[in-house]
Enquirer: 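Below are the structure tokens for one structure; questions will follow.
Values in this document were obtained by computation on a predicted structure and should not be read as measured data. Throughout, protein chains are lettered first and strands after them, A, B, ... in sequence-line order, and every chain is numbered starting at 1.
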Amino acid sequence: MSVRRTWAGTVVVYGTLMLIAALWTIPTLGLLISSFRPGDEVTRTGWWTVLKNPAQANLTLDNYRIVLGMVGDDPRLQELAKRGQENINLGTAVLNSLTVTVPATVIPILIAAFAAYGFAWLRFPGRRFFFIGVVALLVVPLQIALIPILKDYVRLNLSGTFLGIWLAHTGFGLPLAIYLLYNAISALPRDLLESAFIDGASHFTVFTRLVLPLSMPALASFAIFQFLWVWNDLLVALVFLGASPEVQVLTQRLLGMLGTFGTEWHLLTAGAFVSMILPLTVFFALQRYFVRGLLAGSIKG
Amino acid sequence: MQRVGTPGEPAGAFRWLTTAVGRLLVSLFVPTITFVVLWRVFIFLRDTRAPHWITAGVAIVWGVGGVMALFFLANMVIEQLPVRWRTRLTPFLFVGPALVILAWYLALPTVRTFYASLLDARGEQFVGLENYVYAFTSDAMLESFRNNLLWLVIGTGFSVGFGLLIAVLADRTHPLFETFIKALIFMPMAISMVGASVIWKFVYEFRPPGAEQIGLLNAVVTALGGQPRAWLLMQPWNTLLLIVILIWLQTGYAMVIISAAIKAIPRELLEAGRIDGADEVQIFFRIILPTIRGTILTVATTIVLFTLKIFDIVQTVTGGNFGTQVIANEQYNQMFRAFHYGRGAAIAIVLLVAVIPVMWYNLRQFAQRTEAFR
């Protein structure tokens, strides 16, 4: 841009942005630093004292050992962890979050990709009607489903099972998934698909061998979307997984910790960071795909 | 487009019989075996006492593999059928599972929830509009409406406002700096609302006057000579402090979408404006803003939909106490604390009605570009 830029203007622009970025980052920094400080220090002094004199800072991994249930033989840690062991150990919750999230991401993508292909490349009665239905369902709040689905789950013994929550996340994620993947799959070159049909390939073959590989970017962007959504979800887990610690996911346990250890900030901060590390990693590693997904589907119910 | 000339041309009654029987056996046995395997694994998962990581692994393989197996299986069965039936059924192999799940999880529940909203707490007696009287006149719901309005206006306004400000300013900086700043502001998008609530509850933490403050907000206030306060108990400021968490989470989203729209404005358009003597403020209000108006509207709508259903933040930080109740949290309370399904259903219907304008708009947009969808 060949604009008359004054020094003052540039300073204001950079200064404002740095100020906003600092405001946005400092709360997370406080969480991160506190999670490495001994419990008695966290409750006695502000986390910023560490920054004031880093040389005297007393940093430790104890909080993480306690929240992940890895206290070992250390009597001091065992003593600290004794208060409500059941509620603290997040190791199980990490596994549960993974067990919920991976299928609840893959299943809707698979089903939605099939449906998107059907809507884009197959002719059948009711095609337009059903697709309009998908568009209408894009913004339906999932609160509408909680009571009837919970009743069904109680009847089918699906309440508190992983299968139940996978299906729930699949149902709630499908409209957006179909919509996004339809946009991608219907934009594939017609010639390419038709030459495959002329060679005698069936729809199923064309879909699995040609369409799926070609729509990888769209699949990836929705996958990140859904992964973050499911991993970070609280409401669906509360309603369909219930209160049994055997199956509870990280967000539920974190909520529980806030109730029982509302003031034990060294444990809360460590627990919160445990719940954030995987989504943050996925997010920064695949940010490009995530942004593409955001741009493609700005309206989600 | 279908494969013609399937194997099994009539070359003798015996061969026809074996292929037909073979097909029948295949179409019966393979599905049966698959179903049995899937069912056994389900029972195993439900009743097992194996170490947790084994259960988790098996569950993941079972869930993902099961769905794939079912699709392959359905395809196999369909491929055994005569061409005419195959052509007819193939589309439903593709869209069928999605339609069934959508019907079960979203379409039918709207009707079933509406029906439940006319029944009493346990879904037994017909009570007419009683639950709607609760939904529109009870103190908890009136408080929720007021707070949700604050969430909608302030939350959406500031998220979009900050997003726009950052996008416009960052567009004028060095690309490396821009990427860095945007990454920092975008980062909260990866954090759960529960995690964000822990982060901010720590910022708002209160210690009595005299004690050293460990919450950032009170530390700043006391450093400036003020009195520390238990912010989360103070109405109506506590709702505003909860909304700050939403703004912190959603600004990155607004920024990314708006930034993409700004970058899509043709540079010549901006240059032309500058050559005509417009200053940067005029360029922003006369060129940039009108061009990206549609994008801003879309972003605002998305955040409005999001704040309408806001639940996690309120549930985590205050539990809806101290005057911070919102619609979705009151719905949750009615269902799982008061066990009043009728009221819970009526509140869900209120939420559904609130999104109908957006739904209508989406459908109209879709109808307008319907030529692409014959």
Side-chain angles (χ1 to χ4, degrees), chain A residues 13 16-17 21 24-25 27-28 30-31 45-46 92 95 99 102-103 106-107 110-111 114-115 117-118 122 124 130 135-137 139-141 143-145 147-148 162 166 170-171 174 178 197 200 202-204 228 232 234-235 251 254-255 265 268 272 275-276 279-280 283 291 294-295 298-299, chain B residues 1 3 52-53 56 59-60 63-64 67 75 90-91 94-95 97-99 101-102 105-106 109-110 112-113 116 169-170 172 181 184-185 190-192 194-195 198-199 202-203 212 214 216 219 256 260 274 298 302 305 309 311-312 316 328 331 341 344-345 348 351-352 355 358-359 362-363 366:
Chain A
V13 167
T16 314
L17 285 176
W24 246 251
T25 317
T28 321
L31 176 96
T45 55
T92 316
L95 274 177
T99 313
V102 174
V106 179
I107 294 172
L110 203 61
I111 293 179
F114 269 98
Y117 178 87
L122 295 172
F124 56 94
F130 287 128
V135 173
L137 291 178
V139 294
V140 167
Q143 272 85 357
I144 206 82
I147 290 173
F162 290 128
W166 296 338
T170 302
L174 263 185
I178 296 176
F197 291 130
S202 71
H203 279 295
F204 197 79
L228 290 177
N232 290 337
L234 174 68
L235 180 58
T251 47
L254 217 49
L255 178 67
W265 285 108
L268 276 168
S275 80
M276 285 157 45
L280 280 175
F283 179 76
V291 170
L294 277 186
L295 292 172
S298 297
I299 295 195
Chain B
M1 281 201 242
R3 209 184 338 167
H52 206 84
W53 62 271
I60 291 174
V64 175
V67 172
N75 180 58
T90 302
F94 280 86
V95 299
L99 293 182
I101 290 178
L102 283 177
Y105 281 92
L106 286 171
T110 54
R112 296 173 66 191
T113 299
L169 291 185
R172 288 143 192 275
I181 290 287
L184 285 181
I185 291 165
I191 297 176
S192 68
V194 181
V198 174
I199 291 176
F202 189 44
V203 171
E212 184 167 339
I214 62 165
L216 188 60
V256 164
R274 289 188 180 111
T298 311
T302 310
L305 288 178
K309 298 175 296 178
F311 167 77
D312 304 24
T316 312
Q331 197 230 2
Y341 279 8
L351 282 178
L352 178 67
V355 303
V358 183
M359 191 190 291
N362 277 355
L363 287 175
F366 177 73

Enquirer: Between A:S275, A:P27, A:A272, which residue shows the highest count of heavy-atom pairs closer than 4.5 Å to chain B?
Expert: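 Ranked by contacts with chain B, first place is A:P27.
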Enquirer: Under 4.5 Å from any heavy atom of chain A, what part of B:L99 do you find: side chain, backbone, both or neither?
Expert: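 Looking at B:L99, just its side chain touches chain A.
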Enquirer: Is it the side chain or the backbone of A:A115 that comes within 4.5 Å of chain B heavy atoms, both, or neither?
Expert: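 Both backbone and side chain.
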Enquirer: CD1/B:I101 to OG1/A:T170 distance, rounded to the nearest 0.5 angstrom?
Expert: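 Between atom CD1 of B:I101 and atom OG1 of A:T170 there are 6.0 Å.
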Enquirer: Do B:L184 and A:W24 touch side chain to side chain, with heavy atoms closer than 4.5 Å?
Expert: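 Not in contact.
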Enquirer: Answer with side chain, backbone, both or neither: which region of B:Y341 has an atom nearer than 4.5 Å to a non-hydrogen atom of chain A?
Expert: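 B:Y341 touches chain A through backbone and side-chain heavy atoms alike.
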Enquirer: To the nearest 0.5 angstrom, please state how far the NE2 atom of A:H203 sits from the CG atom of B:N75.
Expert: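 Rounded to the nearest 0.5 Å, the NE2-CG separation comes out at 11.0 Å.
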Enquirer: Which atoms of B:V355 are under 4.5 Å from chain A, going by heavy atoms: the side chain, the backbone, both sets, or neither?
Expert: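 For B:V355, backbone and side chain are both near chain A.
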Enquirer: Check whether A:I178 gets within reach of chain B through its side chain, its backbone, both or neither, counting any heavy atom under 4.5 Å.
Expert: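 Side chain of A:I178 only, per the 4.5 Å heavy-atom cut-off to chain B.
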Enquirer: Tell me, out of A:I147, A:V106, A:V13, A:L280, who's got the most heavy-atom pairs with chain B below 4.5 Å.
Expert: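 Looking at each of A:I147, A:V106, A:V13, A:L280 in turn, A:I147 comes out on top.
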Enquirer: Roughly how far, to the nearest 0.5 Å, is the NZ atom of B:K309 from the CD1 atom of A:I144?
Expert: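 Between atom CD1 of A:I144 and atom NZ of B:K309 there are 11.5 Å.
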Enquirer: Examine whether an atom of B:A260 lies under 4.5 Å from a heavy atom of chain A, and if so say whether it belongs to the side chain, the backbone or both; otherwise answer neither.
Expert: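 The side chain, not the backbone.
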Enquirer: Using the six-membered ring wherever Trp is involved, compare the ring planes of B:F202 and A:W265 and label them parallel, tilted or perpendicular (cut-offs 30° and 60°).
Expert: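 B:F202 and A:W265: tilted rings.
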Enquirer: Roughly how far, to the nearest 0.5 Å, is CD1 of B:I199 from CG of A:L268?
Expert: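 It comes to 12.0 Å.
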Enquirer: For chain A, which candidate among B:A219, B:A348, B:A190 shows the most heavy-atom pairs at distances under 4.5 Å?
Expert: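 Answer, by heavy-atom pair count under 4.5 Å with chain A: B:A190.
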Enquirer: Heavy-atom pairs under 4.5 Å with chain B - which of A:F162, A:F283, A:F130 has more of them than the others?
Expert: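 Top count of heavy-atom pairs under 4.5 Å with chain B: A:F283.
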Enquirer: So for A:L228, is it side chain, backbone, both, or neither that comes closer than 4.5 Å to the heavy atoms of chain B?
Expert: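 It is the side chain, since no backbone atom gets that close.
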Enquirer: Taking atom CD1 of B:I60 and atom CG of A:L95, what is their separation to the nearest 0.5 Å?
Expert: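 B:I60 CD1 to A:L95 CG: 8.5 Å, rounded to 0.5 Å.
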Enquirer: Do B:V95 and A:F124 come within less than 4.5 Å of each other through their side chains, counting heavy atoms only?
Expert: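 When only atoms from C-beta onward are counted, A:F124 and B:V95 do touch, with a gap below 4.5 Å.
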Enquirer: Using a cut-off of under 4.5 Å for heavy-atom pairs, which of A:P279, A:G118, A:A136 has the most such pairs with chain B?
Expert: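 Most heavy-atom pairs under 4.5 Å with chain B: A:A136.
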Enquirer: A side-chain contact here means heavy atoms from C-beta on lying under 4.5 Å apart; do B:S192 and A:L234 qualify?
Expert: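 The answer is no; the side chains never approach within 4.5 Å.
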Enquirer: In terms of heavy-atom pairs under 4.5 Å, which option from A:T25, A:I107, A:V102 contacts chain B the most?
Expert: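 Of A:T25, A:I107, A:V102, A:I107 has the most heavy-atom pairs under 4.5 Å with chain B.
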Enquirer: In Å and rounded to the nearest 0.5 Å, what is the CG to OG1 distance from B:L169 to A:T16?
Expert: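 Rounded to the nearest 0.5 Å, the CG-OG1 separation comes to 6.0 Å.
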Enquirer: Do you know which two heavy atoms are closest between B:I181 and A:A21, and how far apart they sit?
Expert: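 Here B:I181 and A:A21 meet closest at CD1-CB, 3.7 Å.
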